[in-house]
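Computed from heavy atoms alone, side chains included, the values below leave out hydrogens, waters and symmetry copies. Keep in mind that what you see is a predicted model, and the values were worked out from it rather than measured.
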Amino acid sequence: MSVSRRPPARVLVRRAPDLVSYWRGRTLILENYRTGVRVSAAPQTLHILSLFDTWQDPARIARRVPEFTPASLIRAVAALVKCSLLERADRARTAADRAFDAWSPWNPAAGLLHFSSKDLPYRDADVAIRSVRARAARQPRPPAVKRYPAAAQIRLPAPQTAGEFPRVLLERRTWRRFSPAAVPLGALSTLLGLSCGVQQWVELQGVGRLPMKTHPSGGAQHPLEVYVLARKVAGLAPGLYHYAAAAHRLERLSAGATKRQIARYLPTQDWYGDASALFLITAVFPRMQWKYKFPRAYRAVLTESGHLCQTLCLTATWLGLAPFCSLALADSLIERDLGIDGVSESVLYAAGVGTRPAGASWAPWPTHRQLRRSPNIV
């Protein structure tokens with residue numbers, strides 16, 4: 001007795017939802033900003049992608065489009081799946097995929113900027129410096145300040161510079177040299193508490209409690225979190241910690257912290273390896289996405305990270321420490337070590353502190369060797 005077998009089910013395919021296309025010169029570029037894949041393509045590729053706006057059987061589509069042979073369309077579909085411009089229905093959705101659904105009201109504008117600017121390749125320092133100098137020779141830098149010389153000029157009184165607050169503002173610098181001494185735990189506690197801690201709660205009827213901190217936040221949503229890589233803090237075991245802003249506590253995520261780890265997190269900036277502590281500033285995007293359903297809210301998150309970072313640096317300066325900050329990050333490496341998905345929570349910025357070199361009250365200008373080592377020094 002013969003048994004009839006049903007043909008195997010075909011896998012359905014659709015266009016990936018996170019695609020943008022643009023021209024670079026005479027070349028058409030297709031980019032999946034969620035996966036970071038960017039490819040050049042012929043304009044006919046856009047037509048193929050348009051055929052898969054919903055889940056479709058490639059074989060059935062191949063029979064309906066006379067401009068392609070069935071074999072050529074199947075090959076094209078396979079290539080587009082491989083570079084993530086099309087996706088298969090049998091692909092398992094990850095937690096990060098589900099988290100990315102919350103980005104829908106912000107995309108493509110915010111998603112394109114955020115995900116396409118992660119994990120940049122950092123060039124050899126000498127090559128980068130030569131490139132910048134060559135550019136300066138071809139095209140002078142834009143003016144550092146703006147003036148309206150034809151406008152009426154009103155001379156202002158000299159700014160008040162006496163007192164503690166002006167002193168701290170004027171003393172703030174990015175330090176790249178540190179003494180071997182450890183940062184006291186009390187100084188770290190004060191730095192975190194004043195810069196990142198919840199100072200009080202405000203009850204908003206029908207919404208809930210909102211945290212108040214020393215830096216502003218759009219809608220008081222406060223999406224930022226701070227993690228501390230403590231390498232040399234007196235009375236604190238080296239390790240990677242989360243700062244619990246409402247409880248004013250450190251929560252240890254992993255043990256150990258090394259100079260090499262700091263250098264890996266901040267590519268081409270190996271002098272920061274001598275710092276005592278590195279602060280990794282992340283954003284928990286659902287806090288903003290819950291309230292603001294438009295992409296401009298992403299700007300508010302980025303702006304807030306600047307508010308927080310400057311508050312950290314000014315507070316560290318007031319404490320007599322040597323602060324620094326950097327946007328040159330190894331994003332995915334940091335996110336992996338923090339145990340975050342890079343979608344619902346992602347690293348944005350880094351700051352850090354060390355103790356000042358003996359006899360230094362002003363951040364020493366980098367040595368010639370340091371200037372040659374990195375394009376990110378100034």
Check against side-chain contact (heavy atoms from CB on, under 4.5 Å), R209 and V202:
CA-CA 5 Å; R209 293 200 310 162; V202 174; over 6 Å; no
Between L250 and L192, is the side-chain contact (heavy atoms from CB on, under 4.5 Å) condition met? List the steps.
CA-CA 10 Å; L250 290 174; L192 289 169; 3.9 Å; yes
Determine, stepwise, if the pair D274 / K232 fulfils salt bridge (Lys or Arg N to Asp or Glu O under 4.0 Å).
CA-CA 9 Å; D274 292 326; K232 208 170 189 179; over 6 Å; no
After noting the C-alpha distance and the side-chain angles of L30 and L46, does the key distance pass the side-chain contact (heavy atoms from CB on, under 4.5 Å) rule?
CA-CA 9 Å; L30 300 176; L46 293 174; 3.6 Å; yes
Applying side chain to side chain donor-acceptor pair (under 3.5 Å), run through T27 and S40 and close with a yes or a no.
CA-CA 7 Å; T27 302; S40 58; over 6 Å; no
Before you tell me yes or no, could you show the steps for R93 and D101 under side-chain contact (heavy atoms from CB on, under 4.5 Å), namely the whole-Å CA-CA distance, both residues' side-chain angles and the distance that decides it to 0.1 Å?
CA-CA 11 Å; R93 277 172 59 83; D101 293 341; 2.7 Å; yes
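Hydrophobic clustering, with ILVMFWY side chains joined whenever heavy atoms are under 4.5 angstrom apart, groups F115 together with F285. Linking ILVMFWY residues whenever their side-chain heavy atoms come closer than 4.5 Å, directly or via other members, places L112 and V343 in the same cluster. Hydrophobic cluster membership is shared by I281 and L321, with clusters built from Ile, Leu, Val, Met, Phe, Trp and Tyr side chains linked at under 4.5 angstrom. I29 and L120 are assigned to two separate hydrophobic clusters, defined by single-linkage of ILVMFWY side chains at heavy-atom distances under 4.5 Å.
At least one donor-acceptor pair under 3.5 Å links the side chain of T355 to the backbone N or O of A181. In this structure, R231 contributes its side chain and A275 its backbone to a donor-acceptor pair below 3.5 Å. Between the side chain of Y148 and the backbone N or O of Q153 there is no donor-acceptor pair closer than 3.5 Å.
Annotation: side chain of V20 is in contact with side chain of Y33 (closest heavy-atom distance under 4.5 Å). Counting only heavy atoms from C-beta outward, the side chains of V77 and I61 never approach each other to under 4.5 Å. Looking at heavy atoms from C-beta onward, Q221 lies out of side-chain contact with V301 at the 4.5 angstrom threshold. For the pair T45 and V39, the minimum side-chain heavy-atom distance is 4.5 Å or more. Annotation: side chain of Y349 is not in contact with side chain of L312 (no heavy-atom distance under 4.5 Å). The shortest distance between side-chain heavy atoms of Y227 and L253 falls below 4.5 Å. At least one side-chain heavy atom of T174 sits less than 4.5 Å from a side-chain heavy atom of R172. A heavy-atom distance below 4.5 Å is not found between the side chains of L86 and R14.
Residues R264 and D337 are not paired through a salt bridge, judged by the lack of any N-O separation under 4.0 Å between the basic side chain and the carboxylate. A salt bridge links R34 with D97: the closest approach of a Lys/Arg side-chain nitrogen to an acidic carboxylate oxygen falls below 4.0 angstrom. Ion pairing of E171 with R356 is present here, as a side-chain N (NZ or NE/NH1/NH2) and a carboxylate O approach within less than 4.0 Å.
Other residues sharing a hydrophobic cluster with V284 under the 4.5 Å side-chain heavy-atom criterion for ILVMFWY residues do not exist; the residue is a singleton.
T311 and H307 get closest at one heavy-atom pair: OG1-O, 2.8 Å. Considering every non-hydrogen atom in both A16 and N32, the closest pair reads CB-ND2, 3.7 Å. Nearest heavy atom pair, residue A62 against residue L73, reads CA-CD2, 3.3 Å. Closest approach of P58 and V13 over heavy atoms only: CG-CG2, 3.9 Å. Counting all heavy atoms, side chain and backbone alike, V228 lies closest to F279 at CG2-CD2, 3.7 Å. The two residues W290 and V207 make their nearest non-hydrogen contact at CH2-CG1, 4.2 Å.
Residues forming a salt bridge (charged side-chain N to carboxylate O under 4.0 Å, His left out) with D53 (at least two apart in sequence, or on another chain): none. Not counting sequence neighbours, S104 has no partner by the side chain to side chain donor-acceptor pair (under 3.5 Å) test. Taking Y22 as the reference, nothing meets the ring pair (Phe, Tyr, Trp, His ring centres under 6.0 Å) condition, with sequence neighbours excluded. Here F178 pairs with F324 under the ring pair (Phe, Tyr, Trp, His ring centres under 6.0 Å) rule; sequence neighbours left out. Applying the ring pair (Phe, Tyr, Trp, His ring centres under 6.0 Å) test to W106 and every residue at least two apart in sequence or in another chain returns W103. Residues satisfying the salt bridge (charged side-chain N to carboxylate O under 4.0 Å, His left out) test with E203, not counting sequence neighbours, are none. In this view, Y292 and F294 satisfy the ring pair (Phe, Tyr, Trp, His ring centres under 6.0 Å) rule, not counting sequence neighbours.
Inspection of the T282 and E345 side chains reveals an N or O donor paired with an N or O acceptor under 3.5 Å. Judged by distance alone, the side chains of T315 and S195 do bring a donor and an acceptor atom under 3.5 Å apart.
The neighbour count for E164 CD, taken as heavy atoms of other residues, nucleotides or ligands under 6.0 Å away, is above 12. Heavy-atom neighbours of R91 CZ from other residues, nucleotides or ligands within 6.0 Å: above the threshold of 12. Atom CZ of R260 is surrounded by 12 or fewer heavy atoms from other residues, nucleotides or ligands within 6.0 Å.
Residue pairs meeting the salt bridge (Lys or Arg N to Asp or Glu O under 4.0 Å) criterion with at least one member in residues 135-148, sequence neighbours excluded, do not occur. Legend: ring-ring contact (aromatic ring centres under 6.0 Å, His included) pairs involving residues 37-68, not counting sequence neighbours: none detected. For residues 323-336, the side-chain hydrogen bond (donor to acceptor under 3.5 Å, both in side chains) pairs, not counting sequence neighbours, are K118-E335, D119-S332, Q269-S326, E335-S346.
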Contacts under 3.5 angstrom, residues 234-249 side chains, donor-acceptor by atom type, not counting sequence neighbours:
unit_1	atom_1	unit_2	atom_2	d
Y241	OH	A237	O	2.5
H242	ND1	E251	OE1	2.7
H242	NE2	E225	OE1	2.7
Y243	OH	H248	ND1	2.7
H248	NE2	S189	OG	2.9

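Of the inter-residue distances, the one linking Y298 atom OH with L113 atom CG reads 4.5 Å to the nearest 0.5 angstrom.
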